[in-house]
4 protein chains.
Amino acid sequence: MMSEQSLDALYEQTLSQQKDLSEVQKSVLKAALKLFSSQGFEATSTSQIAQEAGVASGSVYKQFKNKRALLAAVLAPLFKGTLQTAVEELADQTLSRQFVELDDFIYAIVEDRFYFIQNNFPAIKLMLNQILTNEDFRKEVISFFERQLEGFLLPVIEKFHVENKLKDVSYAELIELIFGTMIGYFGKVLFGLASPIKIEIEQSSQQLIRYLSVKN
Amino acid sequence: MMSEQSLDALYEQTLSQQKDLSEVQKSVLKAALKLFSSQGFEATSTSQIAQEAGVASGSVYKQFKNKRALLAAVLAPLFKGTLQTAVEELADQTLSRQFVELDDFIYAIVEDRFYFIQNNFPAIKLMLNQILTNEDFRKEVISFFERQLEGFLLPVIEKFHVENKLKDVSYAELIELIFGTMIGYFGKVLFGLASPIKIEIEQSSQQLIRYLSVKN
Amino acid sequence: MMSEQSLDALYEQTLSQQKDLSEVQKSVLKAALKLFSSQGFEATSTSQIAQEAGVASGSVYKQFKNKRALLAAVLAPLFKGTLQTAVEELADQTLSRQFVELDDFIYAIVEDRFYFIQNNFPAIKLMLNQILTNEDFRKEVISFFERQLEGFLLPVIEKFHVENKLKDVSYAELIELIFGTMIGYFGKVLFGLASPIKIEIEQSSQQLIRYLSVKN
Amino acid sequence: MMSEQSLDALYEQTLSQQKDLSEVQKSVLKAALKLFSSQGFEATSTSQIAQEAGVASGSVYKQFKNKRALLAAVLAPLFKGTLQTAVEELADQTLSRQFVELDDFIYAIVEDRFYFIQNNFPAIKLMLNQILTNEDFRKEVISFFERQLEGFLLPVIEKFHVENKLKDVSYAELIELIFGTMIGYFGKVLFGLASPIKIEIEQSSQQLIRYLSVKN
DNA sequence: TATGAATGAGGATTCATTCAT
DNA sequence: AATGAATGAATCCTCATTCAT
């Protein structure tokens, strides 16, 4: 089961909560995400965004001070609002399910994150693009991930360690494993090398389980 | 030991062999790599490149028809010349060493590729940047990797399969594992999460060995 | 009497009919005609045009894709619209007047064309400039002239031949005579050697009459 | 600028330069004439000329101070040398032949000038191009023609007037007739409308004779 | 002397941004 | 509010010209 709402859906929520964003502005954000993601930020012109959104070029500047602010508006909710929400949802959900078995927990994480990647591919691509060319943004993303993951991963790990179900891997090692798995899946999708998602989830979670579970 | 020469080194070689590239043009290429990699292609102006290279703006266009051709000149040798050479060197070397043990082979690959990533980080970052916003380039990279890896991986895998040292994993699975490992390391370096390279090599190769060796 | 409206006048009409051409763009066209004509196409910079038109340099490109398109916009109506209209007007007029005498017909043509040349000197100069350095343009002009002249000259010639008022000159010979007369007048204006236009018309038409009329 | 120096000054310069013009420089002049004439002055680059001439780009500047001076060098001899010589030759020849008949004189002039036009078409085209876009150059050409023609035409005209063989046309009218005939022929060649030159000479001279000779 | 690499001013063109309607 | 014409700074690129070799 995909626990993850698509970013677009969560986003829609976020946007409706912002009463000062008109339908027009929402369509601008949507157009900006699409074009920034596929062409890159610099290679996308504001008039192109306006055209894609079906509005006048001047209208882009009604809510967004400039092109940079539009980029921020496209990205900021991604992990200032949406991603955070998504992670919290995951945490709540995983905890609420009271995972008894490590295997189930690992599978749940992988499933959840892979669907997240699949559903939010354009936004993630755009984020990566920015990460590659913006030092400050890169740092912000890092600190965000660290804070988010730490908050919900540590208690669960502690639990499985205590129950002697998890091999003796450090927290850092664990982060790297999860991180590497996600990046690996993203890369495979990017390069068109990915199998159907269910198979990918199966393989990746099995791989992690083999590596992490004391049963192996 | 690291068999990999840094791209810069191999590049330097390639450049010296190209008698039609002046010192000025070499410095232009160097400046272009640096700036394209750190800022992105679109966000880098040719005059900025000229300034970084310490030449006049017009000189950028002496050997390179236009900005795009300069990008190609920065990237093309990366995997049309250098990377190919590097891969061949690895193949020669691994075969020549007549690896008896799978563990040694895995370790050698990981070591070799991790050093390659470390030494050529800017160029790889730039390549990734292009991959994210250029469909054709993405396809070229894919086909390149496929051709290169197939050529030197298949025989070795066959050998270890025959010797019953390698678990029953498909070629595709193997590729994904290696691919994922490399992307994972690149991502960690990108995010500043990487441990010292020797430790990373140790951990990643151990992980792969545990997953691939029949001994486990 | 001058039957010919000046190209500028006819042009103005054409422009007003084009609702998508703003006042700014009309002034750009006017400035372009003036400068292209006096300095040549290549020697005129777009910023010079903008300055002459009293607009920003970027505004030149609002309606005209590029400098070449601006040249086309300046020239195309000249003989794609206006000249054609002018020729048709002449044809209508000459036929409607039901010229009884060859002398009157010749005089009417010369008068009409000379006024046309006088009133559209800059545009014709520009056209000539392009003819000298653009093979394709030259061919287009030739085919245009041939089509236009044939359509309205042949019937009239036939009439006068039948009436035995016109000497036995071929159509080609006639074209050359008219052509040569017009070129001759243009050249004299260009070199500042022309007498007042009424005298020029008188002389040139008399010359043609002497050469063509059976009465001589 | 061409117009800065008088044609006379240019002529002197050119002459002295042309004595020590190497084969290389002659080929540069040839290339410049060819390219300027076919593409126009502005549209022709000096490196293109160098390539056409088979020399290094810097070599173009060895004898010619700049591109403008090269244009001058290409054009100046055209009418300070060739045309002048031609006119003088014509004068000598016509006088030496002691033309008894006006018809022969007219035929000789037409024949001479038409061949001149045919043989020097590229240079004339280039000259015309300059005339169209350079006010000063235009004026100089006019005064040159006037001076040249006056010198050798007036005596002959006087002769035929005295002999009562020439109709009562003014000198100005005569100039215009000759001028118009030449321009007409040039235009016809330019537009590809010219018949074989012998026929053109025949027709044009007959036309002039009919108009000028008292016998008609 | 001849070369052609290097220069940098200048030109075409784009595009983020503003503002009058 | 929405529009889109107008702006002009910035960018890519060319090319006349210079100069060290």
Side-chain angles (χ1 to χ4, degrees), chain A residues 20 22-25 28 41-51 53-70, chain B residues 20-25 27-28 42-51 53-70, chain C residues 20-25 27-28 42-51 53-70, chain D residues 22 24-25 28 41-51 53-70:
Chain A
D20 51 342
S22 64
E23 284 303 315
V24 164
Q25 299 309 318
V28 168
F41 174 72
E42 303 281 353
T44 300
S45 72
T46 52
S47 61
Q48 210 183 349
I49 292 169
Q51 189 171 25
V55 301
S57 67
S59 299
V60 173
Y61 287 81
K62 267 287 136 61
Q63 298 277 343
F64 310 106
K65 198 176 146 258
N66 54 35
K67 195 186 171 189
R68 197 105 216 147
L70 178 54
Chain B
D20 53 341
L21 275 187
S22 64
E23 284 303 317
V24 165
Q25 298 310 319
S27 70
V28 167
E42 303 279 354
T44 302
S45 74
T46 52
S47 60
Q48 213 182 345
I49 292 168
Q51 191 168 25
V55 301
S57 65
S59 298
V60 173
Y61 291 85
K62 261 290 139 63
Q63 302 274 347
F64 311 107
K65 210 173 89 74
N66 51 36
K67 197 185 169 189
R68 199 118 214 126
L70 179 53
Chain C
D20 55 341
L21 274 187
S22 64
E23 284 303 318
V24 164
Q25 298 310 317
S27 70
V28 168
E42 303 280 356
T44 301
S45 74
T46 53
S47 59
Q48 215 182 344
I49 292 169
Q51 190 169 25
V55 301
S57 66
S59 298
V60 173
Y61 290 85
K62 260 290 139 62
Q63 302 273 346
F64 310 108
K65 209 173 89 74
N66 52 37
K67 196 184 170 190
R68 195 117 217 129
L70 179 53
Chain D
S22 63
V24 164
Q25 298 308 318
V28 169
F41 174 72
E42 303 282 353
T44 301
S45 71
T46 52
S47 60
Q48 211 182 349
I49 293 169
Q51 188 170 27
V55 301
S57 67
S59 299
V60 173
Y61 287 82
K62 268 288 136 63
Q63 299 277 341
F64 310 107
K65 195 175 149 264
N66 53 34
K67 195 185 172 190
R68 201 99 213 154
L70 178 54

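So that the names make sense, note that chain A is the first sequence line, chain B the second, and so on, each numbered from 1. In this text the structure is predicted, and so the values were computed from the model without any measurement.
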Item to check | Which nucleotide in F/dG8, E/dA16, F/dG4 has an atom nearest any side-chain atom of C/Ala56 | outcome: F/dG8
Checklist outcome for this item: Comparing nearest nucleotides in DNA chain F, the 5'-proximal residue of the pair A/Ser57, B/Gly58 is A/Ser57
Checklist entry - What's the CD-P distance between C/Gln51 and E/dG11, to the nearest Å? => result 11 Å
Checklist entry - What's the shortest heavy-atom distance between B/Ala50 and B/Ser57, and which atoms? => result CB-CA, 3.6 Å
Next on the checklist: For D/Val28 versus D/Leu70, what's the shortest heavy-atom pair and its separation?
Outcome noted: CG1-CD1, 4.1 Å
Checklist outcome for this item: With five pairs defining each end axis, the helix from E/dA2-F/dT21 to E/dT21-F/dA2 comes out bent, to 10°, by 0°
Item to check | Residue whose closest nucleotide on DNA chain E lies nearer the 5' end, C/Ser59 versus B/Ser59 | outcome: B/Ser59
Checklist entry - Between D/Lys65 and C/Val60, who's closer to the 5' end of DNA chain F by nearest nucleotide? => result C/Val60
Next on the checklist: Does any part of the side chain of B/Glu42, heavy atoms only, come nearer than 4.5 Å to the side chain of A/Phe41, both counted from C-beta?
Outcome noted: no
Checklist entry - Looking at D/Thr46, does any N or O in its side chain come under 4.0 Å of the phosphate oxygens OP1/OP2 on F/dA16? => result yes
Item to check | Side-chain donor/acceptor of D/Lys62 to backbone N/O of D/Gln25, under 3.5 Å | outcome: no
Next on the checklist: Nearest whole Å is fine: how far is F/dA6 P from C/Gln25 CD?
Outcome noted: 6 Å
Checklist outcome for this item: Closest to the side chain of D/Ser45, out of F/dT11, F/dC15, F/dT3, is F/dC15
Next on the checklist: Has C/Lys67 got a side-chain atom pairing as donor or acceptor with C/Thr44's backbone, closer than 3.5 angstrom?
Outcome noted: yes
Checklist entry - For the side chain of C/Val24, counting heavy atoms from C-beta on, which of F/dA6, E/dT17, F/dA16 is nearest? => result F/dA6
Next on the checklist: Measure CD/D/Gln48 against P/F/dC15 and give the value in whole Å, please.
Outcome noted: 8 Å
Checklist outcome for this item: D/Gln63 CD to E/dT1 C1', in whole Å, measures 11 Å
Checklist entry - Would you say the side chain of D/Lys62 and the base of E/dA2 hold a donor-acceptor pair, judged only by whether the two atoms sit under 3.5 Å apart? => result yes
Checklist entry - Could you give the CD1-to-P distance, from C/Ile49 to E/dG11, as a whole number of Å? => result 12 Å
Checklist entry - Roughly how many Å is it from CG in D/Asn66 to C1' in F/dT17, rounded to a whole number? => result 9 Å
Item to check | A/Thr46 vs A/Tyr61 side-chain heavy atoms within contact, under 4.5 Å | outcome: yes
Checklist entry - Can you name the nearest heavy-atom pair linking C/Ser27 to C/Val24, along with the distance? => result OG-O, 2.6 Å
Item to check | Between E/dC15 (P) and A/Phe41 (CZ): distance, integer Å | outcome: 13 Å
Next on the checklist: Whole angstroms only, please: what is the CG-P distance between D/Leu70 and F/dA16?
Outcome noted: 11 Å
